[in-house]
Amino acid sequence: MTVAHETERDDQALALMRRARELIPRGEWEGASAALEQAAALHEAAGRVYDRARCLQLAATLRRSAGDAENARLLADRAAAVAPEDPQLAVSIATEQAEAAFAESRYRDAVSAWSRAIEQAREAGLKADGLSALLRRRAAALVSAGEVEPASRDYDEAFRLLEASQGRETAGFVRTEQADLLFQYGHADRAAQVLDALDAGSGPHLLAETLVMRARLAHAAGRIDDAIECASRAREAALKAVAPVSYFAAGVELAEAYEARLDRINAYGALATAWATLNDLLGEGVARSWVEPVLICYQIQWGEQAFLDAKRDYEARRRAVMDARRNE
């Protein structure tokens with residue numbers, strides 16, 4: 001091949017990589033992946049092993065994001081087969097293999113891939129927050145495979161890493177994540193134990209997340225009054241912390257608890273309040289996109305007329321409260 005042809009090939013590979021970078025922010029993941037796969041072939045022809053493996057790994061991530069888990073797995077395996085001995089690239093490829101396996105519910109394979117990624121991350125000297133993230137992803141695969149004890153050990157190490165590097169308050173969010181994972185897989189008692197181990201003097205953001213989980217656990221156990229109390233306190237703590245995601249989660253849990261008690265007026269009111277507050281914090285567009293889908297679900301569940309009745313009664317009660325305040 002002449003120098004001119006080599007230059008043309010290299011320019012084409014670079015153009016394909018730039019094209020992928022343009023497509024990714026637009027959500028055109030399949031097109032971006034196809035461009036990277038073509039670039040990988042050109043890198044192979046040029047003998048650029050690292051660039052080929054990196055393009056294949058990124059293409060695998062995009063295929064998985066587009067819901068194509070099978071091709072994601074194939075691309076990640078191809079990347080692993082050709083990758084040079086580069087610790088950081090090895091971590092990225094093993095991570096993608098783990099995520100692809102998890103997406104296909106191959107939990108044992110996911111655990112093995114996460115274990116490789118963690119071992120390589122330790123050798124590469126990955127920082128505490130990165131290693132903590134890898135341990136927590138392996139824990140999720142372990143819990144999915146029914147191995148709760150090893151998952152707990154991974155969470156314990158993830159907590160210790162973040163506690164040492166970022167403080168106990170930040171590390172506490174690892175525990176609320178752990179509790180949520182345990183709850184999702186039917187281990188409510190263990191989830192409660194994890195929450196009980198958190199410091200009572202947590203800051204408002206961590207307190208909000210903890211109370212959201214306590215509300216969820218109480219609701220699942222049929223303790224609706226406790227669920228309402230915890231969700232209400234979580235909403236107050238999230239507002240104090242200016243934590244919109246936690247505030248929204250608390251509002252949804254509060255609405256769910258009221259709905260379980262067949263109190264549709266307060267269920268609607270919890271979401272209407274969340275909409276108004278999030279509008280102030282984030283703007284109308286974001287508030288609508290978060291809250292409206294939940295309201296639509298209640299509208300379908302209750303029926304059109306019952307939903308309108310709850311809305312009317314809530315708004316009438318709110319006007320009455322406002323009038324009383326003005327007359328004081």
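Keep in mind that this is a model prediction, so the values were computed, not measured.
Side chain of S289 to backbone of V286: a donor-acceptor contact under 3.5 angstrom is found. Between the side chain of D226 and the main chain of A218, no donor-acceptor pair closer than 3.5 Å is present. No donor-acceptor pair closer than 3.5 Å links the side chain of S132 to the backbone N or O of A128.
Under the 30°/60° scheme for interplanar angles, the aromatic rings of W302 and F307 are found to be tilted.
Between the side chains of Q57 and R54, a donor-acceptor pair is found at a separation under 3.5 Å. For the residue pair R136 / Q178, no side-chain donor-acceptor distance below 3.5 Å is found, with atom types taken as modelled. A side-chain donor from one of Q184 and D180 sits under 3.5 Å from a side-chain acceptor of the other. Between the side chains of H43 and R52, no donor N or O sits under 3.5 Å from an acceptor N or O.
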Practice problem: Evaluate the ring-ring contact (aromatic ring centres under 6.0 Å, His included) criterion for residues Y268 and Y298: first the C-alpha distance (whole Å), next the side-chain angles of each, then the deciding distance (0.1 Å), finally the verdict. | Solution: CA-CA 8 Å; Y268 177 89; Y298 280 141; 9.2 Å; no
Practice problem: I would like to know whether L134 and L126 meet side chain to side chain contact (heavy atoms under 4.5 Å, CB included); could you show each step before the answer? | Solution: CA-CA 10 Å; L134 295 178; L126 192 66; 3.8 Å; yes
Exercise. Give the intermediate values and the outcome of side chain to side chain contact (heavy atoms under 4.5 Å, CB included) for residues L75 and R64.
Key: CA-CA 10 Å; L75 287 165; R64 177 171 53 81; over 6 Å; no
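Between L282 and P244, the shortest heavy-atom distance links the atoms CD1-CB, 3.7 Å. Of all heavy-atom pairs spanning A80 and Q97, the tightest one is CB-NE2, 3.5 Å.
Residue-environment remark: CZ (R317) exceeds the threshold of 12 foreign heavy atoms within 6.0 Å. More than 12 non-hydrogen atoms from other residues, nucleotides or ligands lie less than 6.0 angstrom from CZ of R312. By the 6.0 Å contact criterion, CD on E163 is enclosed, its count of non-hydrogen atoms from other residues, nucleotides or ligands being greater than 12.
Between K127 and S165 the shortest side-chain heavy-atom distance does not fall below 4.5 Å. Side-chain contact between R160 and D156: present, with at least one pair of heavy atoms (C-beta onward) separated by less than 4.5 Å. In this structure, the side chains of E259 and Q301 come closer than 4.5 Å at one or more pairs of heavy atoms. In this structure, the side chains of I118 and R122 come closer than 4.5 Å at one or more pairs of heavy atoms. Here the side chains of D51 and L42 are not in contact, with every heavy-atom distance at 4.5 Å or above. Counting heavy atoms from C-beta on, the side chains of E253 and C230 never come closer than 4.5 Å. Counting heavy atoms from C-beta outward, R137 and D154 have side chains that stay 4.5 Å or more apart. Side chains of W290 and V245 form a contact here, defined as non-hydrogen atoms less than 4.5 Å apart.
One finds a salt bridge joining D196 and R214 here, because a Lys/Arg side-chain nitrogen approaches an Asp/Glu carboxylate oxygen to under 4.0 Å. Salt bridge D225/R261: present, at least one basic N to carboxylate O contact under 4.0 Å. Salt bridge E99/R106: absent, no basic N to carboxylate O contact under 4.0 Å. A salt bridge links R63 with E37: the distance from a Lys NZ or Arg NE/NH1/NH2 to an Asp or Glu carboxylate oxygen falls below 4.0 Å.
Aromatic rings of F173 and H205 (six-membered ring for Trp) have centroids within the 6.0 Å cut-off, being under it.
L211 and L239 are not part of a single hydrophobic cluster, where members link through side-chain heavy atoms under 4.5 Å apart.
Cation-pi geometry between R175 and F159 is met: the NZ or CZ atom falls under 6.0 Å from the ring centre, inside 45° of the normal.
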